[in-house]
Amino acid sequence: MLKIIFSDEDVLRTRVAPAADPLWELVLSLHLLQGRSRDPMMTTWRRAVAHGLRTDTDAEQYRLLFALNPPRGYFPDFLTPFASREGFEAGLDAVRGTSVDMLRRDLTLLAGETPLPSSATALARGEPETLHHLTDAMARYQSLAVKPYWSRVQAAVEADRARRARAMLDGGAEGLLASLRPNMRWVSGVLEVLDYPDTRELHLDGRGLLLVPSFFCSRTPVALVDPTLPPVLVYPVDRLAGLTPASGPAASPQGEALAALIGRTRSRVLQAADEGCTTGEMARRLRISAAAASQHTTVLRNAGLLVSQRDRNTVLHTLTPLGRAVLDA
């Protein structure tokens, strides 16, 4: 179990990342791709990525990247720098600028658990050419495995952020931390991460905690190993639906569903979901029955315009990026 120790100041400084983190999503997708999980919602994605990797004419370039990211156990902290909050390219720049001390420390820890290719030795020395080869492989993998699905990733993360925002409004920062169940438990100033692979404590020491909702994170939340780095906790969001590319043949059913979006009521439902709205709230606001609200949100959800998350006895509906674009237009 991981225990994250909060002071009162840490509680006040806890916040949720403003969007999906591109490098965390890349790294965690590598773990998910290689892992034993057989989540049926990810089957299409797994097959498409595996096929893309098999047909890549320069597949050898991925060898070091995959070696650094085993499906279980430790993986290097330097692959998910804090700077990646500013975007994918900013994250890659930070990886290329990793200090030799950090590279050596991270790779020594990893080598104790998993065999590494010979190129890892050059990486541990901080050789610029090897670092560029690594980030080139990250960029190429991202374009294959993450970028085509990014709008779905963003939609799921935005829906989770709306859920956390409501928890914050209802219960303050402690309400936000308590809302992270069932993977985590908030008890008297301590956030317990259940089923964590190691037993350790992380003392925030007034720095607060950045919560990073992640689409590709599996069941167990993830924290950095180095306690001196900015405290980050990455946790899984509801995946909401199967992962298919944002365009192309796999997305064609959305076109058929969009044809059903005719009528004033659904337009008002879309507007109500702009800032997050439960089925009951929507019914009261629009003066329609709960059954009618549920039916309209189902059509909008099937069209890819909103996502729905269940939390105990309520279902929260929020717009996807596509839904917001339609509403703005």
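All residue numbers in this chain count up from 1 along the given sequence. Owing to the predicted nature of the structure, the values given are computational and were not obtained by experimental measurement.
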(Q) Tell me every residue that passes side chain to side chain donor-acceptor pair (under 3.5 Å) with Arg105, counting only those two or more places apart in sequence or in another chain. (A) Asp226

Q | Pairs flagged by salt bridge (charged side-chain N to carboxylate O under 4.0 Å, His left out) wherever residues 180-195 is involved - sequence neighbours left out | A | Arg181-Asp311, Arg185-Glu192, Asp195-Arg219

**Q.** Shortest non-hydrogen separation from Asp10 to Gly208 and the atoms involved
**A.** OD1-N, 3.0 Å

(Q) Quick one, Leu202 and Lys3 - any side-chain contact, counting heavy atoms below 4.5 Å? (A) no

Q. Linking I/L/V/M/F/W/Y whenever their side-chain heavy atoms sit closer than 4.5 Å, directly or via other members, would Leu286 and Leu316 fall into one cluster?
A. no

Q. Which hydrophobic side chains are connected to Val187, either touching it within the sub-4.5 Å cutoff or through other members that do?
A. none

Q: Could you walk me through whether Arg310 and Asp238 pass the salt bridge (Lys or Arg N to Asp or Glu O under 4.0 Å) test, one step at a time?
A: CA-CA 9 Å; Arg310 179 173 293 278; Asp238 291 339; over 6 Å; no

**Q.** Minimum-distance pair of heavy atoms, taken over all atoms of Gly126 and Leu103
**A.** CA-CD1, 3.6 Å

Q) Thinking salt bridges, do Asp274 and Arg324 make one under a 4.0 Å N-O criterion? A) yes

Output a table of donor-acceptor pairs, distance under 3.5 Å, between side-chain atoms of residues 172-180 and any protein atom two or more places apart or on a different chain; print 'none' if there are none.
{"from": "Ser179", "atom 1": "OG", "to": "Arg164", "atom 2": "NH1", "distance (Å)": "3.0"}
{"from": "Ser179", "atom 1": "OG", "to": "Leu176", "atom 2": "O", "distance (Å)": "2.6"}

Q: Supply the members, apart from Met1, of the Ile/Leu/Val/Met/Phe/Trp/Tyr cluster built from side-chain contacts under 4.5 Å; use none for a lone residue.
A: Leu194

Q.
I need the minimum non-hydrogen distance between Thr320 and Ala155, along with the two atoms involved.
A. CG2-CB, 3.8 Å

Q: Report yes if the side chains of Asn69 and Leu65 come closer than 4.5 Å at any heavy-atom pair, otherwise no.
A: yes

Q. What distance separates Tyr74 OH from Asp198 CG, expressed to the nearest 0.5 Å?
A. 11.5 Å

**Q.** Of all pairs that satisfy salt bridge (charged side-chain N to carboxylate O under 4.0 Å, His left out), the ones with a partner from residues 277-296, not counting sequence neighbours
**A.** Arg166-Glu281

(Q) Does either side chain, that of His317 or that of Thr279, offer a donor lying less than 3.5 Å from an acceptor on the other one? (A) yes

(Q) Just to verify, what does Glu9 make a side chain to side chain donor-acceptor pair (under 3.5 Å) with, not counting sequence neighbours? (A) Arg13

Q. Are there more than 12 heavy atoms of other residues, nucleotides or ligands under 6.0 Å from atom NE2 of His51?
A. no

Q: With sequence neighbours left out, write down each residue that passes side chain to side chain donor-acceptor pair (under 3.5 Å) with Thr98, or none if nothing qualifies.
A: none

Q) Partners of Phe6 by ring pair (Phe, Tyr, Trp, His ring centres under 6.0 Å), sequence neighbours excluded? A) Trp186

Can you give me every donor-acceptor pair (side chain of residues 209-216, partner residue at least two apart or in another chain, under 3.5 Å) with its distance?
{"from": "Ser214", "atom 1": "OG", "to": "Glu25", "atom 2": "OE1", "distance (Å)": "3.2"}
{"from": "Ser214", "atom 1": "OG", "to": "Glu25", "atom 2": "OE2", "distance (Å)": "3.2"}
{"from": "Ser214", "atom 1": "OG", "to": "Phe216", "atom 2": "N", "distance (Å)": "3.4"}
{"from": "Ser214", "atom 1": "OG", "to": "Cys217", "atom 2": "N", "distance (Å)": "3.1"}

Q | Residues which pass ring pair (Phe, Tyr, Trp, His ring centres under 6.0 Å) with His31, listed by chain and number, not counting sequence neighbours | A | Phe75

(Q) Treating Asp77 as the side-chain partner and Val225 as the backbone partner, does any N or O pair qualify as donor plus acceptor under 3.5 Å? (A) yes

(Q) For residues Met102 and Leu68: do they belong to one hydrophobic cluster (side chain heavy atoms under 4.5 Å, members Ile, Leu, Val, Met, Phe, Trp, Tyr)? (A) yes

Q: Could you list all the side chain to side chain donor-acceptor pair (under 3.5 Å) pairs where at least one residue sits in residues 112-124, not counting sequence neighbours?
A: none

Q | Tyr149 side, atom OH; Ser29 side, atom OG - distance, nearest 0.5 Å | A | 10.5 Å

